[in-house]
Student: 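One structure is given below, represented as structure tokens, and several questions about it will come after.
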Amino acid sequence: MPTSLITGGAGFLGSNLASALLARGERVIILDNFRVGSRQNLASFDGQPLSIVEHDVRIPLTIVEDIDYIWNLACIASPIHYVKHPIETIETNTLGIPNVLKFALQKDAKLLHTSTSEIYGEPLEHPQKETYWGNVNPRGAHAPYKEGKRIGETIITTYAHEFPELDVRMVRIFNTYGPKMALHDGRMIGEFAVRALKDEPLVLDGDGSQTRSACYVDDLIRGLLSMLDQAKLTRNEVVNLGNPDEHSVREFAETVIKLSGSRSLIENGPARPDDIKRRKPDIAKVRKLLNWQPEVQLETGLKQTLEWVRAQLQLERK
């Protein structure tokens with residue numbers, strides 16, 4: 001039975017990844033400091049071959065058992081939280097990533113690191129290819145996350161060059177949504193879904209003309225799994241994972257209202273500093289490399305997400 005270690009495994013993507021790995025008959029170790037990860041995300045795994053290690057990746061890892069695969073998802077990813085905890089966000093990358101890399105070398109484990117579309121910043125290229133270097137404000141409020149992820153890629157690339165035995169690959173994740181996402185951390189679809197189901201106004205950042213491309217979580221997890229299922233093809237590669245179906249933020253709000261049957265209105269709020277005007281992945285590389293592309297249509301994914309959010313809100317009221 002292969003054993004996977006998921007750092008940041010109590011979060012949205014980590015817990016969905018754990019579910020997929022367990023469904024394949026694998027053993028999973030969740031490592032999380034629970035700063036933003038949720039124990040509730042792991043509650044359904046009782047009785048399955050999963051263990052939880054409460055640990056911060058800024059401290060060297062000391063797990064004694066054999067590890068076959070490491071999925072490095074450890075990093076605060078919500079703007080509300082990484083603006084509140086900027087030093088931890090930076091150090092999770094600058095201190096944490098070397099610890100994870102050293103642990104992967106020690107265990108001779110295959111490693112997948114999750115980077116982000118935020119490394120492209122306010123892109124001067126559209127859609128964004130993996131060859132694009134980005135356009136990031138290094139002194140902005142979001143710099144601890146964006147620049148942390150950028151230096152994280154540099155650290156990994158340097159280690160891979162200096163230690164040829166390191167078996168590593170990276171994915172740049174674009175906006176993703178679905179069950180187990182945090183509902184009150186300010187990110188677009190979760191915030192819209194909660195407000196729509198409560199018939200509260202959906203407040204846009206600015207006029208809502210900025211665009212996003214949202215990938216349903218099942219598609220994203222399938223892409224992550226493919227990266228290690230075909231490890232020989234992906235070693236030392238970096239690829240975009242996301243859905244190139246681009247819509248304005250206002251269109252996302254309108255679709256959520258329509259699908260939820262909400263009476264909510266749409267309001268314009270102040271523009272967010274350093275907000276990205278356009279965001280769309282070029283996925284030609286991963287499509288060619290792994291034959292991966294998203295399959296879940298936006299309305300289908302939003303309907304499933306709204307069902308999950310509705311159930312969570314009912315639990316909150318109890």
Side-chain angles (χ1 to χ4, degrees), residues 5-18 30-42 52-61 70-101 111-121 134 136-156 170-178 180-191 194 205 212 214-215 217 220-221 224 241-242 272-276 279:
L5 171 69
I6 308 175
T7 69
F12 165 44
L13 294 181
S15 57
N16 275 285
L17 175 60
I30 297 291
L31 185 145
D32 207 295
N33 68 356
F34 294 97
R35 168 73 79 181
V36 294
S38 169
R39 295 184 188 276
Q40 183 60 37
N41 283 343
L42 310 178
I52 299 171
V53 177
E54 188 167 349
H55 184 84
D56 192 314
V57 294
R58 292 178 292 173
I59 302 168
L61 283 64
I70 301 173
W71 312 77
N72 187 38
L73 280 67
C75 191
I76 297 172
S78 159
I80 285 179
H81 295 302
Y82 63 63
V83 169
K84 185 177 179 181
H85 304 288
I87 292 176
E88 179 177 340
T89 302
I90 294 168
E91 291 183 346
T92 298
N93 292 287
T94 57
L95 302 179
I97 288 175
N99 285 334
V100 173
L101 293 169
L111 170 63
L112 180 143
H113 171 72
T114 54
S115 187
T116 173
S117 61
E118 293 293 337
I119 67 108
Y120 296 125
V136 176
N137 175 5
R139 293 168 56 85
H142 295 213
Y145 181 68
K146 296 180 181 182
E147 293 288 24
K149 284 293 191 177
R150 285 167 67 87
I151 191 61
E153 291 198 12
T154 303
I155 291 168
I156 290 169
M170 296 183 277
V171 296
R172 294 173 181 159
I173 296 176
F174 284 67
N175 294 65
T176 305
Y177 69 99
K180 294 191 176 182
M181 63 183 181
L183 297 185
H184 306 290
D185 67 355
R187 283 187 279 192
M188 179 182 69
I189 290 180
E191 189 73 18
V194 169
D205 295 325
R212 298 293 183 266
C215 184
V217 66
L220 193 285
I221 297 301
L224 294 180
L241 280 184
R272 181 181 296 181
D274 291 333
D275 199 9
I276 305 304
R279 176 59 53 75

Student: Mind listing the closest non-hydrogen atom pair of Ile155 and Pro98 along with its distance?
Tutor: CG2-CG, 4.0 Å

Student: Closest approach of Ile189 and Ala214, non-hydrogen atoms and distance?
Tutor: CD1-CB, 3.8 Å

Student: Going by the rule side chain to side chain contact (heavy atoms under 4.5 Å, CB included), which residues pair with Asn137 if we only count those two or more places apart in sequence or in a different chain?
Tutor: Arg139, Asp274

Student: Has Arg279 got a side-chain atom pairing as donor or acceptor with Gly121's backbone, closer than 3.5 angstrom?
Tutor: yes

Student: Could I get the full list of side-chain hydrogen bond (donor to acceptor under 3.5 Å, both in side chains) partners for Asn33, not counting sequence neighbours?
Tutor: Asp56, Glu88

Student: Once you round to the nearest 0.5 Å, how far does CH2 of Trp71 lie from CD1 of Ile6?
Tutor: 7.5 Å

Student: Do Ile52 and Phe34 have side chains that approach each other closer than 4.5 Å (heavy atoms only, starting at C-beta)?
Tutor: yes

Student: Distance from Met181 atom CE to Asn41 atom CG, nearest 0.5 Å?
Tutor: 11.5 Å

Student: Would a 4.5 Å heavy-atom cut-off, applied to side chains only, mark Leu31 and Val57 as touching?
Tutor: yes

Student: Give, for atom OG of Ser115 and atom CD1 of Ile156, the distance between the pair rounded to the nearest 0.5 Å.
Tutor: 7.5 Å

Student: Could you work out, with ring-ring contact (aromatic ring centres under 6.0 Å, His included) as the rule, every residue matching Phe174, not counting sequence neighbours?
Tutor: none

Student: What do the steps show when you test Leu111 against Leu101 for side-chain contact (heavy atoms from CB on, under 4.5 Å), and what is the final call?
Tutor: CA-CA 8 Å; Leu111 170 63; Leu101 293 169; 3.4 Å; yes

Student: Please find the pair of heavy atoms, one from Arg150 and one from Gly134, that lie closest to each other, and give the distance.
Tutor: NH1-CA, 3.9 Å

Student: Nearest 0.5 Å, please: how far is CZ in Arg58 from OG1 in Thr92?
Tutor: 5.5 Å

Student: Donor-acceptor pairs are to be reported for all side-chain atoms of residues 72-81 against protein atoms at under 3.5 Å, with residues two or more places apart or in another chain.
Tutor:
{"residue": "Asn72", "atom": "OD1", "partner": "Thr7", "partner atom": "OG1", "Å": "2.5"}
{"residue": "Asn72", "atom": "ND2", "partner": "His113", "partner atom": "ND1", "Å": "3.0"}
{"residue": "Ser78", "atom": "OG", "partner": "Ile80", "partner atom": "N", "Å": "3.3"}
{"residue": "Ser78", "atom": "OG", "partner": "Asp185", "partner atom": "O", "Å": "2.9"}

Student: Which residues pass the ring-ring contact (aromatic ring centres under 6.0 Å, His included) test with Tyr177, not counting sequence neighbours?
Tutor: Tyr216

Student: Would you sort out whether Leu61 and Val53 count as a side-chain contact (heavy atoms from CB on, under 4.5 Å), showing the intermediate values?
Tutor: CA-CA 10 Å; Leu61 283 64; Val53 177; over 6 Å; no

Student: Go through the structure and list residues passing side-chain hydrogen bond (donor to acceptor under 3.5 Å, both in side chains) with Thr114, not counting sequence neighbours.
Tutor: none

Student: Not counting sequence neighbours, which residues clear side chain to side chain contact (heavy atoms under 4.5 Å, CB included) with Val194? List them please.
Tutor: Leu183, His184, Lys198, Val309, Leu313

Student: Could you go step by step and tell me if Arg212 and Met188 meet the side-chain contact (heavy atoms from CB on, under 4.5 Å) rule?
Tutor: CA-CA 10 Å; Arg212 298 293 183 266; Met188 179 182 69; 4.1 Å; yes

Student: Taking only residues two or more places apart in sequence or in another chain, which ones pass side-chain hydrogen bond (donor to acceptor under 3.5 Å, both in side chains) with Glu54?
Tutor: Arg39

Student: Can you sort out the partners of Glu153 under salt bridge (charged side-chain N to carboxylate O under 4.0 Å, His left out), two or more places apart, ordered by chain and number?
Tutor: Arg172

Student: Could you tell me which residues satisfy side chain to side chain contact (heavy atoms under 4.5 Å, CB included) with Thr176, sequence neighbours excluded, listed by chain and number?
Tutor: Phe12, Leu13, Ile173, Cys215, Val217, Leu220

Student: If you take all heavy atoms of Leu42 and Ser15, which pair is closest and at what distance?
Tutor: CD2-CB, 4.2 Å

Student: Only counting residues at least two apart or in another chain, list the ones meeting side chain to side chain contact (heavy atoms under 4.5 Å, CB included) with Ile90.
Tutor: Thr94, Pro144

Student: Are the side chains of His142 and Glu118 in contact, using a 4.5 Å heavy-atom criterion?
Tutor: no

Student: Got a sec, which residues hit salt bridge (charged side-chain N to carboxylate O under 4.0 Å, His left out) with Lys149, two or more places apart in sequence or on another chain?
Tutor: none

Student: Could you report the tightest heavy-atom contact between Pro138 and Glu147, atom names first, then the distance?
Tutor: CB-OE2, 3.3 Å

